[in-house]
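Note that the structure is predicted; figures quoted are calculated from it, not measured. What you see below is based on every heavy atom in this structure, not just the backbone, and it leaves out hydrogens, waters and symmetry mates. Order of the sequence lines fixes the chain letters, A, B, ..., with proteins taken first and strands second; residue numbering starts at 1 for each chain.
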Number of protein chains: 2
Amino acid sequence: MPDTASRTERLTIDVRHREVLAQVLDKWSLSVLNELCERPCRFNALRRAVPEVTQKSLTATLRKLERNGIVERVLLATRPVAVEYRITPLGKTLRGPVDVLLGWSDRYLPEIERARDRFDAPSDGDR
Amino acid sequence: MPDTASRTERLTIDVRHREVLAQVLDKWSLSVLNELCERPCRFNALRRAVPEVTQKSLTATLRKLERNGIVERVLLATRPVAVEYRITPLGKTLRGPVDVLLGWSDRYLPEIERARDRFDAPSDGDR
DNA sequence: CGGCATCCTTTGTGATACTG
DNA sequence: CAGTATCACAAAGGATGCCG
């Protein structure tokens with residue numbers, strides 16, 4: 001397995017990296033990102049795309065992503081008014097990492113669930 | 001689902017994917033994983049490697065990773081007693097994704113911090 | 001439509017103390 | 001050394017209602 005360059009040494013993770021990653025990878029951010037990578041979305045369209053998220057959490061997620069420069073909030077001058085969220089160029093750089101992550105979880109989910117079952121049912125099998 | 005190469009279609013993220021990713025990518029997991037990918041570690045060695053984590057959170061993180069089959073807890077039969085944590089084969093499959101993530105945050109951190117400054121100081125710069 | 005404000009419950013986290 | 005137990009508090013999350 002070839003290293004990404006001549007980097008055999010691991011990166012250290014400081015508090016700022018942790019903060020960024022925590023915000024970008026939080027519970028709902030991935031889903032939102034996943035959606036916005038496809039197309040710009042209005043608020044309620046996002047809610048429909050991610051039905052489990054509450055309005056509050058979605059708002060918070062979007063603010064966080066906006067603050068970090070990952071998504072952009074665009075006011076549309078339509079009849080009543082509308083808001084559209086778009087991925088920014090910076091946000092697009094996240095698509096690769098996000099894809100890798102989602103691919104990983106999709107690929108290994110069954111194996112992880114088996115590991116959990118093994119871990120969670122010790123009294124039942126060890127007796 | 002033969003979707004191995006065609007990434008024109010996005011994966012959908014259901015609650016189970018979100019759960020797995022939330023656990024694997026949580027605040028401390030990445031640091032722990034980053035460390036254990038390098039070498040097996042004893043508990044206090046991990047504390048030293050990640051000084052900001054409290055004992056409690058480290059314990060919780062390790063349990064979570066263990067439950068998901070990402071790390072393995074090995075009891076060493078030394079004089080007093082010792083515990084070593086190792087990455088599992090399943091855990092090793094995470095190294096790629098984790099690397100990509102850390103690389104991303106390392107690469108774009110400055111840009112993100114600029115975006116934050118812009119977002120946080122609107123009244124100061126816009127008047 | 002796209003929020004914000006409020007309330008309230010749950011979960012997370014740090015600090016501290018104690019045990020095999 | 002490697003935890004568990006406990007308390008106290010902060011942050012997250014859902015539910016509901018109101019507003020421009």
Side-chain angles (χ1 to χ4, degrees), chain A residues 13-15 18-32 35-36 39-68 71-86 119 122-123, chain B residues 13-16 18-32 35-36 39-68 71-86 119-120 122-123:
Chain A
I13 313 180
D14 67 21
V15 63
R18 247 190 304 272
E19 201 191 344
V20 170
L21 290 171
Q23 304 208 346
V24 162
L25 303 175
D26 97 335
K27 193 175 180 185
W28 303 113
S29 295
L30 280 180
S31 298
V32 169
E35 199 59 30
L36 290 184
R39 67 193 74 78
C41 260
R42 308 247 307 257
F43 189 85
N44 284 337
L46 277 173
R47 289 195 73 172
R48 263 172 268 120
V50 191
E52 307 95 322
V53 74
T54 63
Q55 176 274 325
K56 183 182 183 177
S57 298
L58 181 55
T59 300
T61 300
L62 287 169
R63 284 296 161 280
K64 225 161 25 173
L65 291 176
E66 190 190 357
R67 185 170 104 92
N68 287 276
V71 308
E72 183 190 10
R73 189 171 179 275
V74 182
L75 268 150
L76 303 176
T78 50
R79 359 332 157 52
V81 79
V83 181
E84 190 177 81
Y85 291 93
R86 297 181 193 163
F119 189 93
S123 49
Chain B
I13 313 182
D14 67 22
V15 62
R16 295 171 321 165
R18 249 190 304 271
E19 200 192 346
V20 169
L21 290 171
Q23 305 208 346
V24 161
L25 304 176
D26 97 335
K27 192 174 179 185
W28 303 114
S29 295
L30 281 180
S31 297
V32 168
E35 199 58 31
L36 291 183
R39 66 191 75 78
C41 262
R42 307 249 304 259
F43 189 85
N44 284 337
L46 277 173
R47 290 194 72 173
R48 262 171 268 123
V50 191
E52 307 95 322
V53 73
T54 61
Q55 177 276 324
K56 183 181 181 176
S57 298
L58 181 55
T59 301
T61 299
L62 287 168
R63 282 295 161 284
K64 226 164 19 175
L65 292 177
E66 189 191 356
R67 185 170 103 94
N68 287 276
V71 307
E72 183 189 9
R73 188 171 180 276
V74 182
L75 269 149
L76 304 177
T78 49
R79 6 295 156 78
V81 78
V83 181
E84 190 177 81
Y85 290 92
R86 298 181 194 164
F119 188 93
D120 291 341
S123 47

Practice task
Quick one: do B:R63 and B:E66 satisfy salt bridge (Lys or Arg N to Asp or Glu O under 4.0 Å)? Show the steps, please.
Solution key: CA-CA 5 Å; B:R63 282 295 161 284; B:E66 189 191 356; 3.7 Å; yes
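Distance alone, capped at 3.5 Å, is enough to place a donor-acceptor pair between the B:N68 side chain and the B:K64 backbone.
Contact detail for A:E52 and B:V15: the closest heavy-atom pair is OE2-N, 4.4 Å.
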Practice task
Give the B/S/- string for nucleotides 6-20 of chain C, one per nucleotide from 5' to 3', where a protein heavy atom under 4.0 Å of the base yields B, of only the sugar-phosphate yields S, and otherwise -.
Solution key: BB-----BBB-----
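Put simply, the side chain of B:L36 reaches to within 4.5 Å of the side chain of B:Y85, judged on heavy atoms. Using a 4.5 Å cut-off on side-chain heavy atoms (C-beta onward), B:L46 and B:L62 make contact. Using a 4.5 Å cut-off on side-chain heavy atoms (C-beta onward), A:L21 and B:L25 make no contact. Taking 4.5 Å as the limit, every side-chain heavy atom of B:V83 sits out of range of all side-chain heavy atoms of B:L76.
Not one side-chain nitrogen or oxygen of B:Y85 sits closer than 4.0 Å to the OP1 or OP2 atom of D:dC1. For C:dG2, neither phosphate oxygen OP1 nor OP2 lies less than 4.0 angstrom from any side-chain nitrogen or oxygen of A:R73.
Donor-acceptor pairing under 3.5 Å is recorded for the side chains of A:T59 and A:Q55.
One can place CZ of A:R47 at 10 Å from P of D:dA15, the figure rounded to the nearest angstrom. B:R42 places its CZ atom 11 Å from the P atom of D:dG3, with the value rounded to the nearest Å. Taking atom CG of B:N44 as the reference point, atom P of D:dG3 lies 9 Å away to the nearest angstrom. As a whole-Å value, the separation of A:L58 CG from D:dA15 P is 15 Å. Between B:L62 atom CG and D:dT4 atom P the separation is 10 Å, expressed in whole Å.
Rounded to 10°, the angle separating the first-five-pair axis and the last-five-pair axis of the helix from C:dC1-D:dG20 to C:dG20-D:dC1 equals 50°.
Legend: residues meeting side-chain hydrogen bond (donor to acceptor under 3.5 Å, both in side chains) with A:T61, ordered by chain and number and at least two apart, are absent.
For A:V83, taking side-chain heavy atoms from C-beta onward, the closest of the listed nucleotides C:dC4, C:dG2, D:dG3 is C:dG2.
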